[in-house]
Every structure is written in C-alpha cells, then in structure tokens.
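Per chain, numbering begins at 1; letters A, B, ... match sequence-line order. The figures that follow rest on heavy atoms only: side chains count, while hydrogens, waters and symmetry mates do not.
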Amino acid sequence: MSLHHPSSAASMSDRPVRTRFAPSPTGLLHIGSARAALFNWLYARKHGGTFILRVEDTDHSRNTREAEQVIFDGLHWLGLDWDEGPLKGGSYGPYYQSERNRIYEEYLARLEKNGHLYEDHGAIRFRSPREKVLVDDLVCGKIEFDLTNPITHPDITLRRPDGSWIFHFVNVVDDIEMEISHVIRGEDHLSNTPKHLELYRALRADPPHFAHTPLILNRDGSKMSKRDKGVNLGLYPEEGYAPEALRNYLCLLGWSPKDNREILDIGEITQLFELNHINRRGAAFDPDKCFWMNGQYLLQMDLARYAELAIPFLQKAGLHWEKWEYLERVLSIVKPKIKLLADLPDWVRPFFTDDFPFEEVAVEKYLTTPEAKKNLATLAKALAEVDRWEASFVETALKATATALGVKTGDLVHPARVAVSGRSIGAGLYETFEVLGKEKTLQRLIKQV
RNA sequence: GGCGCGUUCGUCUAGUGGUUAGGACACAGCCCUCUCAAGGCUGGCGCACGGGUUCGACUCCCGUACGCGCUACCA
C-alpha cells in the first residue's frame with residue numbers, strides 16, 4: 001500500500017467532497033459531537049460527497065468496545081449513516097487510528113527526513129517554522145495567528161516517549177490520507193488549526209477547508225460538560241424523543257434557514273444547509289424548546305411512525321395488545337397530548353389492562369362524595385342505552401345526563417375519567433370511552449358506585 | 001497571563017446604515033373546553049457599555065467589560 005499523495009496542483013475546491021466525523025470513544029456521545037457529526041453529514045449529503053467515520057482510539061486505556069458502540073448507536077439513532085468507516089469498510093481504511101501505526105510511522109519518517117523533528121525527553125516534537133499563519137475559515141473568515149514566539153506557542157508534540165501518538169499529528173495525517181476536503185469541527189479546535197496548517201505544509205499536503213462551528217453551551221452560557229444534564233445523546237432515546245425532532249433542534253443551534261421556519265424535514269435542511277450561514281456565537285441548549293419541538297413532531301407524525309417509536313416503550317412497560325388496530329386507536333387519541341414517549345405507558349395502561357393504579361388525589365377529589373357516586377350511577381345507566389358506541393353519541397348522552405341531573409358537564413366528566421383510567425388527566429373522555437368499549441366503560445363506572 | 005473567537009428579548013434566532021427591531025421557546029393573562037405539557041388570541045421582555053465615522057447607527061471602526069476556547073506527553 002502506498003501513501004496517498006494529494007496533488008499540489010489540484011486545488012481543494014476541485015476535489016470531491018469528503019467529510020468526516022472523528023470521535024474518540026469515551027463512553028458517551030456528547031451532544032456537541034453529535035451536532036458536529038450532523039453538520040459533516042449534511043454537508044456531504046448536500047454535495048453528493050462522502051461522509052466518513054473514523055475512530056480516534058489512540059488513548060487505548062479508555063477505549064472499549066462498548067464505548068465504540070455508543071457512538072455507532074448514537075449516529076444510527078440520529079439517522080447519520082456513514083459511507084466509509086467501521087462496519088462499513090472503504091478504500092481509505094483502516095478507520096481505527098489504533099490500526100494505522102504503520103502510516104503514522106511513514107509520515108513521521110518523512111518529517112524526520114526533512115529536519116522538522118527533534119527529540120525532547122523522549123518525546124518527538126515538531127519544530128515550528130515560526131511564521132504567521134493565516135487560517136481561512138468557512139465560518140469564521142480569515143484569521144491570522146502569529147506563531148513566531150515559542151514562548152506563547154510552544155512546539156507541538158507528535159509522539160510520546162512510550163511511542164503513542166498525539167492527536168494533532170494523527171488527526172492531520174489521517175485527514176491527508178483519507179483525502180478529507182472539509183474539516184467541520186467545534187470551535188475548540190480553532191486555535192489548534194494554525195499548528196495543523198504547519199504540519200500540512202511540512203508534509204507538502206494541501207490542507208482541507210476548515211469550518212469551525214460554535215460550541216453548544218448550557219442555558220447559563222457555561223460550557224456543557226459530561227456532568228451536565230442533556231449532554232449525553234443516549235439520554236434522548238430513553239426519554240422518548242423522536243430522533244428527527246432532536247436532529248431538527250440540533251440543526252437550529254447555530255444554523256438557521258433565515259425565513260422563520262423551524263420545523264423542517266431533513267431533506268429540506270440538506271438543501272438549505274450552508275457552512276457560511278453558521279453563526280459565530282455559541283448557542284445555549286434549551287431543553288424546553290427541544291421538548292416543545294419533540295411535541296410538535298409527535299403531533300404531526302403519521303400514526304405508523306408514531307407506533308414504531310411508541311412500541312418499545314409499551315413493551316418495556318409490559319403492556320400487551322391483541323389487535324394492531326386497537327393499538328392504533330389507543331395511540332391516536334393520546335398522540336396529540338404527549339410530548340415525550342416515555343410518558344406514554346402511564347397514559348395508556350388503562351387501555352391494556354384492568355390492573356392500573358388510581359391516583360390518590362384524583363380519587364379523593366372526584367370519587368369519594370355521595371354526589372359523585374350517584375352521578376356516575378346515573379351516567380352508567382344512560383350510557384347503557386347508547387346503541388352506537390362512538391365518541392359523538394357518548395358525548396350527547398353524557399351531556400343530556402348532566403342536564404337532567406342539573407350539574408355541569410365537568411361534574412360528570414372528571415369523576416368518569418378517574419373511574420375508567422385512575423387519572424385526572426388523559427385523552428379526551430369521549431374518545432377514551434369509545435376506544436375502551438362500552439362493556440369496559442360501564443363496568444369501570446359501576447365499580448365506583 | 002498570552003493568543004483566538006464571540007456579544008440582538010431569559011433562551012434559539014431574523015436583521016448587513018434609515019425597520020413601530022420580526023419569528024420561535026419559555027413566561028403572564030384571556031378564550032375555547034371534559035382534563036391536558038392540545039388549540040386560538042393578547043401582553044411584558046432585547047440591540048453589553050463608551051467613544052468615534054456618518055445627515056443618520058443594532059448594522060462600520062476603536063476601546064472597555066463580560067463570556068467561551070486554546071495555551072497538554074486530552075481528543
């Protein structure tokens with residue numbers, strides 16, 4: 001295998017678009033990393049390019065198979081499919097840094113040969129040319145860094161005394177070898193970029209285009225760290241977020257279609273996405289808005305997709321159903337009410353089993369008075385007369401009963417809801433009755449009398 | 001400390017010299033209503049500060065403050 005030598009004649013803009021996501025398997029997928037992956041994916045998809053996954057596992061001690069799986073799972077969940085990388089292959093592999101030692105050795109030898117290296121306490125360091133370096137960033141614009149002072153900008157280390165590699169070196173080598181055309185990454189790398197550029201030059205390689213995106217912050221503007229709630233992408237599937245909703249929200253952090261629209265499908269975003277439309281300022285992650293957006297997605301989602309997302313939550317809660325059609329009817333009436341799928345089981349349990357809990361306060365408030373019991377008895381009697389068991393007819397019967405009893409509709413509705421579901425909040429009562437069926441409805445009402 | 005980046009409602013944003021500074025989330029109130037984190041309407045809330053440039057600055061320039069990043073034999 002020979003090294004890929006990028007032609008110095010070809011300008012970067014002529015090269016095919018190849019972007020990469022190069023995470024280090026740390027055990028969790030940071031929400032900011034996920035967004036970086038998303039932006040790289042979007043850019044590649046927009047330009048019919050290639051999106052590459054490369055695992056930066058140079059720090060062996062903390063890299064495990066499980067940690068790696070976390071990354072794969074996160075990307076899969078977000079729908080960010082990669083064209084080259086682990087599980088997928090490709091002609092620029094291997095895609096694990098731990099397997100690319102030979103390549104790094106060759107590149108190091110090249111630098112050595114041209115006198116760019118020196119040893120310092122066993123570590124191999126790169127001798128900076130000590131010049132001013134211009135970073136022409138697609139998001140930040142042109143930035144000049146003055147690297148002439150070794151005190152303020154010490155030479156970077158490429159290799160540790162124990163032989164392991166330092167990020168700056170392998171990252172650059174891999175990007176050259178894999179012919180990456182656009183490096184889209186977090187702004188935390190901006191200050192590293194001039195040093196990387198020195199390496200590209202020393203290796204006589206055309207650098208890729210750079211695009212540094214602002215970081216995702218906490219609501220108070222502080223940096224999101226591992227300990228902050230919400231950084232772990234793995235949390236979102238568990239809590240019942242739809243991947244398309246979170247993905248949409250993430251796109252809006254630092255990027256905007258500029259026409260006030262917010263709910264955009266990924267195809268549309270792919271078309272509109274432009275690196276130079278990415279903001280320069282850090283963006284705070286707003287859990288409230290993310291939550292709202294999930295609600296919007298669940299509301300507008302078709303039932304088939306909703307069921308697909310909902311079923312794992314129902315199964316986990318031990319709920320069973322016999323007919324698919326029944327499941328769909330249940331889901332359709334709670335769908336407009338719920339913003340998080342994790343809440344689903346509690347809302348629908350009474351539709352699948354008679355063994356559902358009663359909220360104490362709700363019982364206390366609506367089912368204990370003699371009036372409530374008397375009203376429920378009357379209601380049950382009236383409903384027994386309803387032939388066509390559909391929401392609208394049930395509603396008519398209930399309202400007529402309320403009138404006959406001289407009480408407000410709510411005086412029947414609230415106790416009835418608690419009687420059939422054990423809860424004071426839920427789907428529309430008439431729809432609940434309809435889906436539950438006449439028999440079960442009457443049975444549960446009478447049980448409280 | 002040095003270097004770099006940034007600063008429009010609490011938050012995400014639109015805005016590129018002349019706008020009643022627009023939208024969204026959140027918040028408050030009202031309406032609808034059988035509950036609801038559903039829907040409808042209304043409202044409060046913002047250009048960090050100080051200098052310039054200009055007939056005129058949220059928009060351009062400089063400075064200050066504040067925030068963030070880098071400054072590792074972490075990635």
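- For U7(B) and C62(B), the P atoms lie 14 Å apart once the distance is rounded to whole Å.
- Figure legend. A24(B) is base-paired to U11(B); pairs are counted as Watson-Crick or G-U wobble with both atom distances under 3.5 Å.
- Remark: P of A24(B) and CD of Glu262(A) are 8 Å apart, rounded to the nearest angstrom.
- C30(B) is paired with G40(B) under the Watson-Crick or G-U wobble criterion, all donor-acceptor distances under 3.5 Å.
- OP1 and OP2 of G6(B) both lie 4.0 Å or more from every side-chain N or O belonging to Asn279(A).
- Under 3.5 Å, the side chains of His212(A) and Thr193(A) contain a donor-acceptor pair of N or O atoms.
- Less than 6.0 angstrom separates the ring centroid of Trp82(A) from the ring centroid of Phe72(A).
- For Arg160(A) and A75(B), the shortest distance from a side-chain N or O to OP1 or OP2 is below 4.0 Å.
- A salt bridge links Asp259(A) with Arg261(A): at least one charged nitrogen is closer than 4.0 Å to a carboxylate oxygen.
- Rounded to whole Å, atom P of G23(B) lies 8 Å from atom CG of Asn260(A).
- No hydrogens or angles considered: nothing links the side chains of Glu84(A) and Tyr92(A) as a donor-acceptor pair under 3.5 Å.
- Taking atom P in both U59(B) and U16(B), the straight-line distance is 13 Å, to the nearest Å.
- When each of A75(B), C34(B), C12(B) is scored by its nearest atom to the side-chain atoms of Glu431(A), the top-ranked nucleotide is C34(B).
- Which of G6(B), G2(B), A14(B) sits closest to the side chain of Ser256(A) comes down to A14(B).
- With C3(B), A75(B), G69(B) as the choices, the nucleotide that has an atom nearest any side-chain atom of Leu215(A) turns out to be G69(B).
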Protein-to-nucleotide contact annotation, 5' to 3' order, nucleotides 37-50 of chain B [B base; S sugar-phosphate only; - none; under 4.0 Å, heavy atom]: BSS-----------
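- Residue Lys258(A) places at least one side-chain N or O under 4.0 Å from the OP1 or OP2 atom of G15(B).
- Between the side chain of Asn192(A) and the base of A72(B) there is no donor-acceptor pair of N/O atoms closer than 3.5 Å.
- When distances run from any side-chain atom of Val413(A) to the nucleotides G69(B), C34(B), C73(B), the shortest one goes to C34(B).
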Audit row: Glu68(A), Arg65(A), salt bridge (charged side-chain N to carboxylate O under 4.0 Å, His left out) steps and yes/no: CA-CA 5 Å; Glu68(A) 211 181 286; Arg65(A) 227 64 207 171; 3.7 Å; yes
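- Spacing between A14(B) and G40(B) at atom P, rounded to whole Å, works out to 25 Å.
- Straight-line distance between the P atoms of C9(B) and G50(B): roughly 16 Å, to the nearest whole Å.
- Residue Pro154(A) has its side chain nearest to U71(B) when only U71(B), A26(B), C34(B) are considered.
- For Arg417(A) against C34(B), a side-chain N or O and a base N or O form a donor-acceptor pair under 3.5 Å.
- Which of C70(B), G23(B), A75(B) sits closest to the side chain of Lys289(A) comes down to G23(B).
- The side chain of Thr157(A) approaches C73(B) more closely than any other nucleotide in the set A14(B), C73(B), C12(B).
- Defined by atom type and a distance below 3.5 Å, a donor-acceptor pair is present between the side-chain atoms of Asp174(A) and Tyr104(A).
- Here the side chain of Arg281(A) is nearest to one of G23(B), G6(B), C70(B), namely G6(B).
- Using a 4.0 Å heavy-atom distance criterion, Ala427(A) is classed as a base contact.
- In this structure, the ring-ring contact (aromatic ring centres under 6.0 Å, His included) partners of Phe285(A), at least two apart in sequence or on a different chain, are Tyr249(A).
- Side-chain rings of Phe273(A) and Phe39(A) approach one another, their centers coming within less than 6.0 Å.
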Asp146(A) and Arg130(A): CA distance, side-chain angles, deciding distance, salt bridge (charged side-chain N to carboxylate O under 4.0 Å, His left out) verdict: CA-CA 8 Å; Asp146(A) 185 351; Arg130(A) 297 294 157 209; over 6 Å; no
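- In this structure, the side chains of Ser424(A) and Glu359(A) come closer than 4.5 Å at one or more pairs of heavy atoms.
- Nucleotides A65(B) and G22(B), compared at atom P, are 33 Å apart to the nearest Å.
- Using Watson-Crick or G-U wobble geometry with both donor-acceptor distances under 3.5 Å, C47(B) finds no partner in any strand shown.
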Contact letters for nucleotides 59-64 of chain B, in which S counts primed atoms plus P, OP1 and OP2 and B counts the base, heavy atoms under 4.0 Å: ------
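- Note that OG1 of Thr157(A) is 12.5 Å distant from CZ of Phe169(A), once rounded to the nearest 0.5 Å.
- Using C1' as the reference atom, G44(B) and C27(B) are 9 Å apart when rounded to the nearest Å.
- Comparing the same atom, C1', in U11(B) and in C45(B) gives a spacing of 12 Å after rounding to whole Å.
- A close approach under 4.0 Å does not occur between any side-chain nitrogen or oxygen of Thr58(A) and OP1 or OP2 of C74(B).
- Separating the P atom of A57(B) from that of G18(B) is a span of 12 Å, rounded to the nearest Å.
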